[in-house]
Amino acid sequence: MERVFEIIINGLSTGAIYSLLALGFVLIFKSTGILNFAQGELAMVGAFVCFTFASQLQLPYLLAFLIALGIGAVLGAFIDLLFFRRMVGEPVFATIMITVGLASILTSAAGIIWGHDVHAIRAPFTDKTLEVGNVVLTHGSLITVGVSLLLFVVFMLFFNRSLLGVAMRGTAEDPDTAGLMGINVNKIHMAAWAIGTLVAAVAGIFLADQSFVRLSMSHTGIKAMAAAILGGMESIRGAVVGGLAIGLIEGFAANYLSGAEVGGFHFGDVKEVAAFVVMIVVLMIRPHGIFGREKVERV
Amino acid sequence: MLKIANLETVYSDVILALKGISLEVPPGMIVALLGANGAGKTTTINTVCGIRKALDLTVEDGSIEFEGESINDMKPHQIVSLGIVQVPEGRRIFAELTVDENLVIGSYSATNRRDFAQRKENVHNYFPILKQRANQRAGYLSGGEQQMLAIARALVASPKLIILDEPSLGLAPLVVAEIFGIIERINKQEDVAILLVEQNANVALAISHFGYILETGRVVLEGPTEQLRENKDIREFYLGLTEVGTKKSFRDVKHYRRRKRWLS
Ligand SMILES: Nc1ncnc2c1ncn2[C@@H]1O[C@H](COP(=O)(O)OP(=O)(O)OP(=O)(O)O)[C@@H](O)[C@H]1O
Ligand SMILES: [Mg+2]
């Protein structure tokens with residue numbers, strides 16, 4: 001029983017990271033129509049920036065964390081300005097290829113700036129644990145889940161209650177008409193990139209706490225994409241549920257399936273595959289994802 | 001208020017859509033812009049509203065002025081902030097958002113946020129149905145209700161000029177009559193000028209003060225509404241009335257084509 005509880009908490013904390021990445025992914029897609037294949041790379045850059053300020057420059061962790069978020073937001077805005085402003089309404093394959101190119105540009109730039117070594121960020125909560133009965137929980141995973149939940153609530157309120165949030169949703173649906181309402185569509189796209197990159201940085205920093213800071217951490221991006229698609233690519237709710245689901249599936253698969261032997265058949269490390277198997281099955285049953293709907297249309 | 005002079009526009013550098021039109025909307029008036037399919041009505045208002053880049057539309061010649069200021073080169077959101085709001089052809093409400101959220105977006109340009117609730121209430125007075133449906137997804141409204149929402153969304157910005165592109169499109173006569181009644185009330189009570197683009201000359205001339213007739217990118221006729229309503233050609237070609245007031249039959253269409261030549 002304790003073991004199940006630990007698996008759930010750890011699964012949720014990994015899942016929260018996927019959810020954050022998926023959230024940024026959905027946000028950029030919904031607002032600008034661009035599928036950003038560089039989401040994982042943006043997270044990696046965020047983690048390295050935090051590493052620089054927290055470990056190399058020895059600033060207080062919280063300050064380094066906030067600086068990394070700020071730099072993430074600026075980087076996102078800059079990427080929009082440099083690459084995507086002129087790509088609005090252009091064919092999807094063109095914009096996708098730009099994001100793929102952006103991903104490798106970010107990776108090599110990070111390689112030049114930070115090198116190819118593996119680093120760790122020392123956070124005040126690193127290696128601290130909390131014991132509830134027989135269950136051992138790391139502070140890191142609790143903080144990851146807590147901060148992520150907080151961010152999700154903030155985003156829910158932002159998109160449902162604030163003028164800018166509602167305007168972003170309207171712009172996502174129909175940019176031309178949004179322009180007619182006095183909305184500066186360029187500004188909205190820039191805000192989407194800034195926020196999307198900021199949450200990617202949060203995800204990267206938490207991911208670094210659970211493992212390391214290194215170039216290859218960007219591979220998490222592909223799982224975030226799976227999470228987003230699983231959730232339906234539509235909503236914050238979908239991204240969150242999709243990310244948590246994939247985190248939990250991985251946790252249980254790693255603990256109960258990896259290395260198991262069933263009727264003479266030996267499972268290898270199925271953790272990496274399990275999430276995608278579930279995603280494929282879900283999509284075959286519900287092609288629009290768990291929460292995805294077809295467009296509102298009156299017949 | 002709005003003054004267009006010798007406006008000439010082309011699509012994709014080749015298609016001459018407006019061949020030098022001039023028109024004016026004075027403060028507080030309803031001005032009708034009438035014309036058949038492809039006459040250039042939507043082109044005219046898109047040019048005014050700054051929707052050029054997305055359509056590959058360029059202004060070759062002429063000027064557009066609003067309250068004495070040239071708006072030829074302004075971006076759509078800048079033009080809205082001057083107080084010109086468009087109710088686009090085909091309504092274009094945000095189907096995925098709720099009725100209320102559509103109004104929130106409509107008020108985006110308003111710098112004073114505090115009186116939003118009051119402005120929304122004012123809009124609800126004209127369109128009570130929108131209050132009942134406040135939290136419903138706008139995509140599920142009926143066509144008439146969507147048109148009401150599109151007008152409400154423009155009105156909630158407290159504009160000085162509302163440009164309506166074919167508000168009667170696809171609606172039953174009874175609904176059209178209701179909506180045009182409300183448009184007339186809005187014009188009177190809100191002190192807002194209205195540029196009313198229509199194919200349905202009958203209803204448009206019933207509530208407007210002045211009218212322009214557009215044909216293939218040219219203004220072919222203009223005048224106070226009473227004059228236009230009395231004009232023999234308009235009665236025949238746009239209102240579908242003959243001298244005795246009966247509906248024209250299809251046989252007369254050929255005759256219309258022949259007569260149309262001198263109009264254009
Ligand atoms: N995006 C575009 N690219 C090229 N030509 C266009 C474009 N939009 C309109 N046109 C052309 O410009 C002319 C005027 O079209 P416009 O849409 O202004 O007509 P309209 O009077 O609004 O007609 P309707 O009553 O059917 O809406 C037409 O000949 C049309 O084919
Ligand atoms: Mg039109």
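Just so it is clear, the values below take in all heavy atoms, side chains as well, and ignore hydrogens, waters and symmetry mates. Chain A is the first sequence line, chain B the second, and so forth, proteins listed ahead of strands; every chain is numbered from 1.
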Would you say Glu121(B) has more than 12 foreign heavy atoms packed within less than 6.0 Å of its CD?
-> no
Heavy-atom side-chain contact between Arg113(B) and Leu163(A) under 4.5 Å = yes
Working to the nearest 0.5 Å, report the span between OG of Ser81(B) and CG of Asn184(A).
-> 10.5 Å
Leu97(B), part contacting chain A, at a heavy-atom distance under 4.5 Å | both
Scan Met181(A), Arg169(A), Glu173(A) and name whichever one has a side chain to side chain contact (heavy atoms under 4.5 Å, CB included) with Ile105(B).
-> Met181(A)
Over all heavy atoms of both residues, which pair between Asp174(A) and Arg92(B) is shortest? Give the atoms and the distance, please.
-> OD2-NE, 3.1 Å
Would you say Asn112(B) has more than 12 foreign heavy atoms packed within less than 6.0 Å of its CG?
-> yes
Rounded distance (nearest 0.5 Å) linking atom CD of Glu101(B) with atom CZ of Arg161(A) | 9.0 Å
Starting from the C-alpha separation in whole Å, work towards a yes-or-no answer on side-chain contact (heavy atoms from CB on, under 4.5 Å) for Leu180(A) and Ile51(B).
-> CA-CA 8 Å; Leu180(A) 289 182; Ile51(B) 327 279; 3.0 Å; yes
What pair of heavy atoms forms the shortest contact from Asp176(A) to Ala54(B), and how long is it?
-> OD1-CB, 4.4 Å
What parts of residues 192-204 of chain A touch chain B if we use heavy atoms and a cut-off under 4.5 Å?
-> none
Specify the closest pair of heavy atoms between Gly179(A) and Pro76(B), including all atoms of both residues, with the distance to one decimal.
-> O-CB, 3.9 Å
For Leu174(B), look at atom CG and say whether over 12 heavy atoms of other residues, nucleotides or ligands are found less than 6.0 Å away.
-> no
Minimum-distance pair of heavy atoms, taken over all atoms of Tyr108(B) and Ile188(A) = OH-CD1, 4.4 Å
Is the closest side-chain heavy-atom distance between Thr177(A) and Arg153(B) below 4.5 Å?
-> yes
Tell me, for Ile79(B) versus chain A, whether the close heavy atoms (under 4.5 Å) come from the side chain, the backbone, both or neither.
-> neither
